[in-house]
Amino acid sequence: MIEPRHLRVLHAVMKAGSFTAAARELRCTQPAVSQQIKALEKSVGTPLLARSGRDAHLTEAGEILARHATSILARLTAAEEEVAAIAGLHAGCVRLVSFLSGTSTVIPPALAALRAARPEVEVTLSEATPPRAIGMLRDGDCDIALAFRYPELPGTSPGAPGAHPEVPGTEEEDADWNGLAAHPLLTDRLVGLLPEGHHLAGAAKLELADLAGDTWILGCASCRRHVVKVCQSTGFTPRMDLTTDDYPTVIGLVGAGMGVSVLPELALSSLPSGTVRRVPIVPTIQREVVALTLPAYESVPAVRLMLQHLKSAARLAGQALDGTSLPPR
């Protein structure tokens, strides 16, 4: 019989990469970890880890068991949280991970509302963009992941002609939501950013092809990949001299006249435009923003309540975006 405590140790070794690192994470001794793994291997009747010096690698059987362990442990955690909430033992804890623009817009009002309603609920927050955020959710490192994905473009599969060599990966990789519970939050449009002195700064709208001759400054890898592929579908590859995951830096560089950019509108909602002009893009390019969780976590009271507040905060953010005056100001 496989015991949950043994699965937790296997999961820790898988994540940490060694018995010693797993022992630190589990706050126990290295021999204790080794003993738990041996007990698990005895239960299943086959080796699960191949040891190489200080490192440990999963065998084929270990990979299969580790894959199931993530969902099994998630269900156990959910069950423990539900029972504890009913018994009044504790209020629960929610671990959030979010991409940068979601962290600065949707997360703050949602956390404030949760604290006002249930101050005893503990919340932790970290930042990561897809696909890393989704990987953290699948590995059990968070309970809710704010993520986004762009619609698939025809003719942009891996290895397609014209694929940009500096923009690896595909939207499908970023948007691997299979087996996850997706709670839609809002739809976020992309907006063109131009320096005040740009010849199109006063335009009511623009097409990406209008900027084919400009130097581009682009943001996070996921958005960057999609923007490049959209540009390629219109017949050009943008010249990217500067890239950064920090949206204020993108805005500052555009304002300094270092190039043009395209950013999600959500990233601009809490930032002053300064010397940057925002211009709507036609046709509209959008991304879908959702809160992802494991199906087992949906029944956990603290997680369920956090999802409700995220939806309410996103609804307000979406209304603010719809009311934003995008023509240059």
Fill in: Main-chain N/O of Asp143 paired to Thr293 side chain as donor or acceptor, under 3.5 Å
yes
Practice prompt. Is it possible for you to say whether Met136 and Val106 belong to one hydrophobic cluster, with membership spreading through side-chain heavy-atom contacts below 4.5 Å?
Written response: no
Worksheet item: Taking everything shown except Glu60 itself, do over 12 heavy atoms lie less than 6.0 Å from its CD?
Response: no
Worksheet item: Counting only N and O atoms by type, is there a donor-acceptor contact under 3.5 Å from the side chain of Thr243 to the main-chain atoms of Met240?
Response: no
Discussion item. Does Tyr150 form a side-chain contact (heavy atoms from CB on, under 4.5 Å) with Cys223? I'd like the steps, not just the answer.
Written reply: CA-CA 8 Å; Tyr150 289 94; Cys223 295; 3.0 Å; yes
Practice prompt. For the pair Thr59 (side chain) and Pro47 (backbone), establish whether a donor and an acceptor sit closer than 3.5 Å, ignoring hydrogens and angles.
Written response: yes
Response to the item:
Here the pair of heavy atoms bringing Arg278 nearest to Leu268 is NH2-O, 3.5 Å
Worksheet item: Out of curiosity, does Leu316 fall in the hydrophobic cluster containing Leu305 (side-chain heavy atoms, cut-off under 4.5 Å, transitive links)?
Response: no
Worksheet entry | Min side-chain heavy-atom separation Trp216-Val262 under 4.5 Å | yes
Discussion item. To the closest 0.5 Å, what do you measure between CZ (Arg315) and CG (Leu185)?
Written reply: 10.5 Å
Response to the item:
All heavy atoms of Cys142 vs all of Arg95, minimum pair found to be CB-O, 3.6 Å
Discussion item. Between Val254 and Arg277, is there a side-chain heavy-atom distance shorter than 4.5 Å?
Written reply: no
Worksheet item: Above 12 or not: heavy atoms from other molecules or residues under 6.0 Å from CZ of Arg132?
Response: no
Fill in: Minimum-distance pair of heavy atoms, taken over all atoms of Trp177 and Phe148
CZ2-C, 4.0 Å
Worksheet item: Is there a path from Val97 to Val121 through hydrophobic residues (I, L, V, M, F, W, Y) whose side chains come within less than 4.5 Å of each other?
Response: no
Discussion item. Just so I know, are the side chains of Ser34 and Lys38 near enough to count as touching, which here means a heavy-atom distance under 4.5 Å?
Written reply: yes
Worksheet, complete the sentence: Nearest heavy-atom contact between Ala16 and Glu25 is CB-OE1, 4.4 Å
Item to complete: I would like to know whether Asp141 and Lys15 meet salt bridge (charged side-chain N to carboxylate O under 4.0 Å, His left out); could you show each step before the answer?
Response: CA-CA 10 Å; Asp141 294 330; Lys15 288 172 54 181; 2.4 Å; yes
Item to complete: Report whether Leu194 and Val282 are members of the same hydrophobic cluster (ILVMFWY, side-chain heavy atoms less than 4.5 Å apart, transitive linking).
Response: no
Discussion item. Looking at every non-hydrogen atom in both residues, tell me the closest pair between Val94 and Met306 and how far apart they are.
Written reply: CG1-CG, 3.9 Å
Worksheet item: Side chains of Arg287 and Thr187: does their closest heavy-atom pair fall under 4.5 Å?
Response: no
Item to complete: Please indicate whether Met258 has more than 12 foreign heavy atoms, meaning atoms of other residues, nucleotides or ligands, lying under 6.0 Å from its CE.
Response: no
Worksheet item: What do you reckon, is CD of Glu298 surrounded by more than 12 foreign heavy atoms closer than 6.0 Å?
Response: yes
Item to complete: For Leu186 and Ala314, work out which heavy atoms get closest and say how close.
Response: CD2-O, 3.5 Å
Worksheet, complete the sentence: Sorted by chain and residue number, the ring pair (Phe, Tyr, Trp, His ring centres under 6.0 Å) partners of Tyr297 (sequence neighbours excluded) come out as none
Worksheet item: Under a single-linkage definition using a 4.5 Å side-chain heavy-atom cutoff for Ile, Leu, Val, Met, Phe, Trp and Tyr, are Leu76 and Leu10 assigned to the same hydrophobic cluster?
Response: yes
